[in-house]
Number of protein chains: 2
Amino acid sequence: MTSKPTQAGPAVPGAVWLREPRPARHAPALTRERIVTAAVAVLDGSGEAGLSMRRLAETLDVHATSLYWHVANRDELLDLALDAVFGEIDLPAAHAAAWRDDVAAFMGGLRAALLAHPWSAALAGSRPLIGPNALARSEFVYTALAGAGFDGPDLSAAAAAVSHHVIAAAATETAWRHGDPATARRALNDHLRRSAAHYPTLAAHAPSLRNDWEDHFDRAAAFLLDGLAAHGGHT
Amino acid sequence: MTSKPTQAGPAVPGAVWLREPRPARHAPALTRERIVTAAVAVLDGSGEAGLSMRRLAETLDVHATSLYWHVANRDELLDLALDAVFGEIDLPAAHAAAWRDDVAAFMGGLRAALLAHPWSAALAGSRPLIGPNALARSEFVYTALAGAGFDGPDLSAAAAAVSHHVIAAAATETAWRHGDPATARRALNDHLRRSAAHYPTLAAHAPSLRNDWEDHFDRAAAFLLDGLAAHGGHT
DNA sequence: TGGGTTCACCTACAGTGTATGAGTAATCAA
DNA sequence: TTGATTACTCATACACTGTAGGTGAACCCA
């Protein structure tokens, strides 16, 4: 009877985080870490659909099935890659005097990391973010908002609102920028022109839309932050 | 030389909306509409990964390649299915006296539609929402917010903030509820317990998290709406 | 030295999206 | 009514996917 991969179990969502990486006895060729960084590189170059186990293995000079010793399946690999992106968010070591600065720093850092890896925002919106790096960043927002006076369900709601806004905005931005950027825009304009009677307000404002993404993001973030400030109590 | 599918072109994102459905001369077996509703049914039953062209064709008593006469490729089919979900949002025919009621109605309707089709929220976050149904709903929010005093870039930023929050919240909710709901939660708790020292605030609040999704959603929505109210000017 | 573990490899399978071309039935022009 | 054209379905085929199962070599500890 051969050895069974007892660690790399079935494909239960979120189960990666219950599993330690294989302990490396003496510098094996493959490591979970090496695999994940290679996966991020492939994802950056070819997007989510462009990551196949065989192609990833090729970049590591290894056969595809060897990856399954270190990673249960492709989906878990995506979890790990995504958490690696969260690891790139760098936050101030100490909290600022004003909670709003902290939250703004988090939003900016998260947005930058997600935009730097265009595949990541869509992924972040579609699965529980419970990797260690994601949790560490969450902790930062939680403490910042707790300092603002939030507590209990309001605290988690506020934190969720902040993350949600950044992730969704980054996902929309990357979605619009992907591939031929003119196409989606032409489709939109075409549609609006043909039925401008139905969408008068939209038609009047769509052209100004989608020009300066960062400005767009900042305005929306300001709305949210002002709303939070009204509830938090503290300044 | 056989006829070429001149309409169903290459896989350019957003290009579905530039293409009319095939004109039905006399009740053909397959219709774009029939395909899309069947696709929604399969998606509802098996999720995004469960939708294959062959399986969809089977439910229509048709061969897989026949679908490509009416739909360019799988990706466009997803675009169409998603827009069909947006079509299920029913909004008040006339605008309410208070803009906030309109926006709240939109948020509730969108959330309900996305949750009714668990595959849809993740999809909505990952592609431009420019289908006719999506645009019609956008128009509603735009006019409501315009009535609140928003204009120019602020208007589109406000509208985006509203949609973003609903989509991201619905995506998170469905992601957590998918499959074995206990697993992600156990992974989170396990992680928090093992390193509670690193995540004190998170550890203190996580248990209360993820219980009442609707309450969670409403609180966050209130934060955003209050923030908008502070900027809009009008009541 | 022997036994057990670690881990990369090979083979194989069922399934995927979709390009291409052939075939059929309905329509239109004459 | 005839012939040509279009609208549409089907069949074949290809390159590629994730991953289960088993094999064998290198290493560790006894």
Side-chain angles (χ1 to χ4, degrees), chain A residues 1-13 15 19-35 38-39 42-43 46-79 81, chain B residues 1-13 15 19-35 38-39 42-43 46-79 81:
Chain A
M1 183 159 170
T2 65
S3 68
K4 277 198 305 180
T6 52
Q7 269 193 330
V12 184
R19 202 152 44 233
E20 295 291 324
R22 303 275 180 185
R25 302 278 275 235
H26 73 114
L30 238 38
T31 315
R32 186 186 264 199
E33 198 185 351
R34 245 166 62 78
I35 293 177
V42 173
L43 287 164
S46 319
E48 205 248 88
L51 177 77
S52 81
M53 299 302 272
R54 283 181 239 258
R55 221 183 125 187
L56 171 60
E58 208 172 341
T59 75
L60 288 163
D61 259 318
V62 135
H63 285 230
T65 52
S66 306
L67 303 171
Y68 287 89
W69 182 258
H70 303 269
V71 165
N73 49 41
R74 195 186 107 111
D75 205 56
E76 288 205 355
L77 183 54
L78 290 176
D79 274 333
Chain B
M1 183 158 167
T2 65
S3 68
K4 277 198 305 180
T6 52
Q7 270 194 328
V12 184
R19 201 154 41 235
E20 295 291 323
R22 301 276 180 186
R25 302 278 275 237
H26 75 114
L30 238 40
T31 314
R32 187 186 263 198
E33 198 186 349
R34 244 166 64 77
I35 293 177
V42 172
L43 287 163
S46 319
E48 205 247 87
L51 177 78
S52 82
M53 300 302 272
R54 282 180 241 259
R55 222 182 124 185
L56 171 60
E58 208 173 341
T59 76
L60 289 162
D61 260 318
V62 136
H63 285 230
T65 52
S66 305
L67 303 171
Y68 287 89
W69 182 258
H70 304 269
V71 165
N73 50 41
R74 195 187 106 111
D75 204 56
E76 289 205 356
L77 183 54
L78 290 176
D79 274 333

> Hey, does B:Leu51 reach any base, or is it just sugar-phosphate, or nothing, if we go heavy atoms under 4.0 Å?
Replying inline: sugar-phosphate
>> Using a heavy-atom cut-off of 4.0 Å across all strands, would you classify B:Thr65 as base, sugar-phosphate, or nothing?
In response: base
>> Nearest heavy atom decides the nucleotide; on that basis, is A:Arg54 or A:Leu67 closer to the 5' end of DNA chain C?
In response: A:Leu67
Please give, in whole Å, the distance from [N] [atom2] to [X] [atom1]?
X	N	atom1	atom2	result
B:His63	C:dA19	NE2	P	19 Å
B:Arg55	C:dG15	CZ	C1'	12 Å
B:Asp61	D:dC10	CG	C1'	14 Å
B:Glu48	C:dT16	CD	C1'	13 Å
B:His70	C:dT18	NE2	C1'	16 Å
B:Met53	D:dC10	CE	P	14 Å
A:Arg34	C:dC7	CZ	C1'	14 Å
A:Trp69	D:dT23	CH2	C1'	14 Å

> Where the side chain of B:Tyr68 is defined as all heavy atoms beyond and including C-beta, which of D:dT9, C:dG17, D:dT19 is the nearest nucleotide?
Replying inline: C:dG17
> If you check the A:Ser52 side chain, which of C:dT18, D:dT17, C:dA8 turns out closest?
Replying inline: D:dT17
> Of B:Leu56, B:Leu43, B:Leu67, which is the lone residue that meets side chain to side chain contact (heavy atoms under 4.5 Å, CB included) with B:Leu77?
Replying inline: B:Leu56
> Is the shortest side-chain N to carboxylate O distance from A:Arg32 to A:Glu76 below 4.0 Å?
Replying inline: no
>> So, taking the atom named CD1 in A:Ile35 and the one named OH in A:Tyr68, what distance separates them when rounded to the nearest 0.5 Å?
In response: 10.5 Å
> If you take all heavy atoms of A:His63 and A:Ala57, which pair is closest and at what distance?
Replying inline: C-CB, 3.6 Å
> Would one find a side-chain N or O of B:Ser66 under 4.0 angstrom from OP1 or OP2 of D:dC10?
Replying inline: yes
> Are A:Ser52 and A:Arg74 linked by a side-chain donor-acceptor pair shorter than 3.5 Å?
Replying inline: no
